[in-house]
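For reference, the structure discussed in these notes is given below.
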Amino acid sequence: MKIIDRIQSGLTLSFEVFPPKSDKPLEPLLDTLDQLYTLRPDFISCTYGAMGSNKGRNLEVVERIQSSGSCEALSHYTCVGNTRADVESALEEYAAIGVENLLALRGDFPAGVAHTNGDFLHANELISFIRERTDRFSLAAACYPEKHLLADSLDADIETLLKKQDAGASFLMTQLCYSVENYLRFIERARKRGVTLPIISGVLPLLKKDGLVRMTLSNGCSIPAEVSALVGRYGESEESFRSAGHDFTVSLVQRLIAEGTSGIHLYTLNRFDDVEHLVYDAGIREKPQANR
Ligand code: FAD
C-alpha cells in the first residue's frame with residue numbers, strides 16, 4: 001500500500017530504524033521490530049548508508065519489514081555514489097521485495113567530501129528520475145523546519161521544497177525540531193509559498209543529554225530555552241533527565257498533533273521501551289488492557 005493513501009485517511013504513526021553494521025547480527029533489530037509492530041505503526045522506515053556506507057543491509061531490513069505483513073516499509077534512498085544505472089537496478093530490487101514507498105534524499109556526505117559522487121546532485125533530481133520511470137512508488141522527501149544547515153535562509157530552503165513537489169514527491173518528512181514555534185513558522189511560510197504536500201513530523205525522543213547535543217548540533221537544529229532548562233536542571237542525572245525528557249517529548253508530540261501534523265515519525269534509535277511509553281503516554285495508541 002502507498003503511504004500517501006494512509007496519510008489521506010488520518011494521522012499516521014511511524015518509526016525509523018537503522019541497519020546494524022555489516023559485521024553485526026541482524027537478530028537484535030529483528031526482535032526490536034517485532035516489538036515495534038505491537039504498536040501498530042502505519043509504516044517503519046529504514047535509513048540508507050548514512051555517509052554513503054553500509055547500503056546492502058538496508059535492503060535486508062526493508063525486506064523483513066515489508067514481508068512481516070505488519071506495516072508498510074519505507075526505504076530511505078540517497079544520491080550518494082549512485083549513478084542512473086544504480087538507481088534503476090535499486091528500483092528493481094525494491095519492487096522485487098514488494099516495497100512501494102521510498103524516501104528520496106541527497107544523502108549525508110562522508111567527511112571531507114562535498115559532492116554526491118553520483119549522477120544526481122539534489123533530491124529533486126532523483127525524484128524526477130524515478131518519477132519518469134515508474135509510478136510504482138510513493139515518494140517522500142525531507143524538509144527542515146529550521147532550514148537545512150547549508151541553506152542560505154529558510155525561504156531559500158522552502159524554494160527547494162517546491163522543486164521536490166514539482167518533481168513528484170507525495171509527502172514530506174521533517175528533520176527533528178524541538179521548537180514548536182519554529183516548526184509552526186516553517187509550516188506557515190511553506191504553505192504561503194505554495195507547498196501543499198502533507199508534512200509528517202520527525203521526532204527524536206529527548207532521552208539523553210549527550211545525544212541531544214550531538215544530534216541537534218550535527219543537524220544544524222536549535223536547542224530551545226525550555227530544553228536548555230532541562231539540561232541545566234537534570235543534566236547531571238541520567239535517570240532524571242530521561243524522565244523529564246520523556247515528559248517534554250510527550251508534550252511536543254501532543255502539540256504537533258493539536259497543530260494538525262499529518263503524522264508522527266519517531267526516530268527510535270533501534271530502541272523499544274522508551275518508544276512504547278511515548279506512544280501510549282502521548283495517546284497516539286491506546287495501551288492494551290493487560291499492560292495497564
Ligand atoms: P537536498 O534536497 O538536495 O538539499 C540539500 C541542500 O541543497 C539544502 O541546503 C537545499 O536547500 C539545497 N538544494 C536542494 N535542492 C537544490 C537545487 N535543486 N539546487 C540548489 N540547491 C538545492 N541521510 C542519509 O545519508 N541516509 C539516510 O537514510 C537519511 N535519512 C534522513 C531522513 C530524514 C527524515 C531527514 C530529514 C534526513 C535524512 N538524511 C539521511 C540526511 C539528509 O541526507 C541530509 O540532510 C542531506 O544533507 C540533505 O538531504 P536532502 O534530501 O534534503 O537534500
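All ligand and atom numbering here is 1-based and tracks the order in the structure.
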Could you work out, for atom 12 (C) of ligand 1, the closest of Gln175, Glu125, His76, His122 by heavy-atom distance?
His122
Should you measure from each heavy atom of Ala151, which atoms of ligand 1 turn up under 4.0 Å away?
9 (O), 11 (O)
The one among Asp157, Leu150, Thr174 that brings a heavy atom closest to atom 10 (C) of ligand 1:
Asp157
Assess Arg191 against Phe186: is NZ or CZ under 6.0 Å from the centre of the six-membered ring, and within 45 degrees of the ring's axis?
no
Is there a path of hydrophobic side-chain contacts, each under 4.5 Å between heavy atoms of I/L/V/M/F/W/Y residues, joining Tyr144 to Ile199?
no
Looking at Phe109 versus His115, is the centre-to-centre ring distance below 6.0 Å?
no
Note: ligand 1 atoms sitting under 4.0 Å from heavy atoms of Lys163 are 17 (C), 18 (N), 19 (N)
Answer yes if Leu256 and Met173 sit in the same cluster of Ile, Leu, Val, Met, Phe, Trp and Tyr residues linked by side chain heavy atoms under 4.5 Å apart, and no otherwise.
no
Proximity to ligand 1 by part of Asp108, non-hydrogen separation under 4.0 Å
both
Proximity winner for atom 37 (C) of ligand 1, if only heavy atoms of Phe120, Tyr144, Tyr267 are counted
Tyr144
Is the shortest N/O to N/O distance between His148 and ligand 1 below 3.5 Å?
yes
Classify the angle between the aromatic ring planes of Phe43 and His265 as parallel (below 30°), tilted (30 to 60°) or perpendicular (above 60°).
parallel
Does even one non-hydrogen atom of Lys147 get within less than 4.0 Å of ligand 1?
no
Side chain to side chain donor-acceptor pair (under 3.5 Å) partners of Ser222, counting only residues at least two apart:
Glu146
Are Leu207 and Tyr280 co-members of a hydrophobic cluster defined by side-chain heavy atoms under 4.5 Å apart?
no
Hits for ring pair (Phe, Tyr, Trp, His ring centres under 6.0 Å) against Phe137, two or more places apart or cross-chain, chain-then-number order -> none
Hey, is ligand 1 close enough to Ala142 that some N/O pair sits below 3.5 Å?
no
Would a 4.5 Å heavy-atom cut-off, applied to side chains only, mark Leu103 and Leu105 as touching?
yes
Numbering the atoms of ligand 1 from 1, which are under 4.0 Å from a heavy atom of Leu103?
32 (C)
Going by the closest heavy atom to atom 47 (O) of ligand 1, which one wins out of Met173, Lys164, Arg106?
Arg106
Numbered in order shown, the ligand 1 atoms found under 4.0 Å of a heavy atom of Thr47 are 28 (O)
Structural part of Leu149 in contact with ligand 1, heavy atom criterion under 4.0 angstrom
neither
N or O pair under 3.5 Å between Ala123 and ligand 1:
yes
